[in-house]
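A short write-up of the structure that comes next.
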Amino acid sequence: MIDKVYCADVKPELEGQRVKLAGWVYRKREVGKKVFIVLRDSSGIVQVVFSKELNEEAYKEAKKLGIESSVIIEGTVKADPRAPTGAEVQADKLQVIQNVDFFPITKDASPEFLLDVRHLHLRSPKVASIMKVKDTLMQAAREWLLQDGWYEVFPPILVTGAVEGGSTLFKLKYFDRTAYLSQSAQLYLEAAIFGLEKVWSLTPSFRAEKSRTRRHLTEFWHLELEAAWMDLWDIMKVEEELVSYMVQRTLELRKSDIETFRKDLTTLKNAVPPFPRISYDEAIDILQSKGVQIEWGEDMGADEERVLTEEFESPFFVYGYPKHIKAFYMKEDPEDPRKVLAADMLAPEGYGEIIGGSQREDDYDKLVQRILEEGMNPEDYQWYLDLRKYGSVPHSGFGLGLERLVAWVLKLDHVRWATLFPRTPSRLYP
Ligand SMILES: NC(=O)C[C@H]([NH3+])C(=O)NS(=O)(=O)OC[C@H]1O[C@@H](n2cnc3c(N)ncnc32)[C@H](O)[C@@H]1O
Ligand SMILES: [Mg+2]
């Protein structure tokens with residue numbers, strides 16, 4: 001490994017020190033007998049100056065450099081308030097690893113072109129910031145889950161049935177059988193709670209969603225929790241404590257990356273428990289009072305949720321949805337058989353649903369009935385039904401869409417920017 005420092009390490013207090021840097025040419029300009037390079041590495045950028053007077057050989061080589069050329073440079077740190085980071089390196093040594101004559105990404109590149117060359121776009125500082133924020137959100141989640149006594153488990157991705165409706169399953173040939181890509185690890189997490197009680201997983205989930213919205217991917221990263229003995233209200237508290245810790249910790253560790261995307265941090269700072277809670281009934285009343293054409297019993301889509309989020313300055317819950325618009329596994333509300341014990345967490349600023357959660361039906365016969373009502377075959381879910389035969393317990397859980405959380409935290413205009421290689425109905429390459 002090269003004995004180097006990072007661009008972000010080059011600060012005014014290092015004035016006079018000799019440093020070695022390795023990275024890529026991010027920007028380049030020539031002024032008189034000097035070449036100014038903005039060098040990029042994983043930590044950020046720093047200005048590097050090559051001058052004919054200091055070292056003619058390095059200066060001549062620097063003149064030939066193209067954008068994104070990979071280089072190793074050595075030189076002396078000089079504090080300079082005019083430099084982008086307050087200090088620069090006056091280089092006297094340049095090793096060109098690979099010179100690039102033409103880099104295809106230009107300033108006026110369209111979003112679709114950037115996605116066509118996503119493998120090259122990943123290196124941009126803004127994309128790197130998104131991925132650092134996503135990394136920190138998940139590191140924070142792991143911190144919280146560990147200290148709160150949750151076990152990470154590793155459920156299968158190759159499965160035999162739907163969790164969230166058969167219409168969004170990706171089917172594949174599994175030897176002489178049919179398999180599907182997992183829509184959610186939930187059912188397997190429910191099996192795990194009888195030994196571990198509180199479990200979580202981070203897996204890719206797959207939805208053959210034809211909806212082309214700014215919040216749908218066909219493959220997304222799904223953080224899911226499941227807990228024995230918890231009811232809906234318990235799991236909602238877990239959700240708000242986890243999301244609050246993730247957001248506040250990321251604000252603490254990645255503030256400058258976040259501010260690259262949004263200046264107003266109010267809603268992020270407001271993400272502290274208790275999050276506001278409204279019932280589905282209250283949500284319908286609010287929407288109708290704002291002129292939205294929606295009746296009780298109808299599902300809220302992205303547009304309705306966007307309107308609803310205008311009422312809040314923090315994430316909030318909507319609970320108590322009608323049974324017929326929700327999944328088979330959700331427990332009927334004992335106080336109102338038209339409803340289920342389900343709650344979604346919605347992010348403000350128009351982002352809407354980031355978490356779907358519920359208390360699960362723990363009665364064998366009622367679950368069989370719900371499976372039949374949904375037109376599914378109980379035999380396909382025999383293993384899942386068994387969990388209601390051998391020491392069934394009240395239990396609840398939820399799934400958080402990691403890209404949707406990142407999109408809200410950074411105010412991205414589409415979840416596709418929150419994942420390394422987005423998958424949508426029209427995009428499978430690169
Ligand atoms: N363990 C559970 O209880 C999870 C449950 N079985 C489930 O999958 N619920 S969900 O369909 O609302 O999806 C959960 C979250 O997963 C995200 N999600 C769900 N679908 C998508 C798509 N297509 N693209 C991106 N993100 C998506 C979104 O944030 C949802 O709130
Ligand atoms: Mg949902």
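Just so you know, these numbers come straight off a predicted model, no measurement behind them. One-based numbering, in listed order, for ligands and for the atoms of each.
- Salt-bridge formation is detected for the pair K331/D362: a Lys NZ or Arg NE/NH1/NH2 atom is positioned less than 4.0 Å from an Asp or Glu carboxylate oxygen.
- Here the protein contributes E353 OE2 as N, O or S atoms under 2.8 Å from the Mg ion (ligand 2).
- Closest protein heavy atom to atom 31 (O) of ligand 1: E353 OE2, 2.6 Å.
- Salt bridge status for E259 with K255: present, with a side-chain N to carboxylate O gap under 4.0 Å.
- From the protein, the heavy atom lying nearest to atom 7 (C) of ligand 1 is E164 OE2, 3.3 Å.
- Taking any N or O of Q183, backbone or side chain, none lies under 3.5 Å from an N or O belonging to ligand 1.
- Nearest protein heavy-atom neighbour of atom 23 (N) of ligand 1: L217 O, 2.8 Å.
- The shortest separation from a heavy atom of R360 to ligand 1 is under 4.0 Å, placing the residue in contact.
- Considering backbone and side-chain atoms together, I354 places an N or O closer than 3.5 Å to an N or O of ligand 1.
- By the 30° and 60° cut-offs, the orientation of the rings of W296 relative to H324 is tilted.
- Distances below 4.0 Å separate heavy atoms of E224 from the following atoms of ligand 1: 1 (N), 2 (C), 4 (C).
- By the criterion of a heavy-atom distance under 4.0 Å, neither the backbone nor the side chain of W221 is placed next to ligand 1.
- The pair R207-E164 fails the salt-bridge criterion, with no side-chain N (NZ, NE, NH1 or NH2) lying under 4.0 Å from an Asp/Glu carboxylate O.
- Ligand 1 does not have E226 within reach: every non-hydrogen atom of the residue lies 4.0 Å or more from it.
- At the top of the distance list for atom 25 (C) of ligand 1, counting protein heavy atoms only, stands R215 O, 3.5 Å.
- Considering backbone and side-chain N/O of L400, none are found under 3.5 Å from N/O of ligand 1.
- Heavy atoms of F398 found under 4.0 angstrom from ligand 1 belong exclusively to the backbone.
- Heavy-atom distances between V415 and ligand 1 stay at or above 4.0 Å for every pair.
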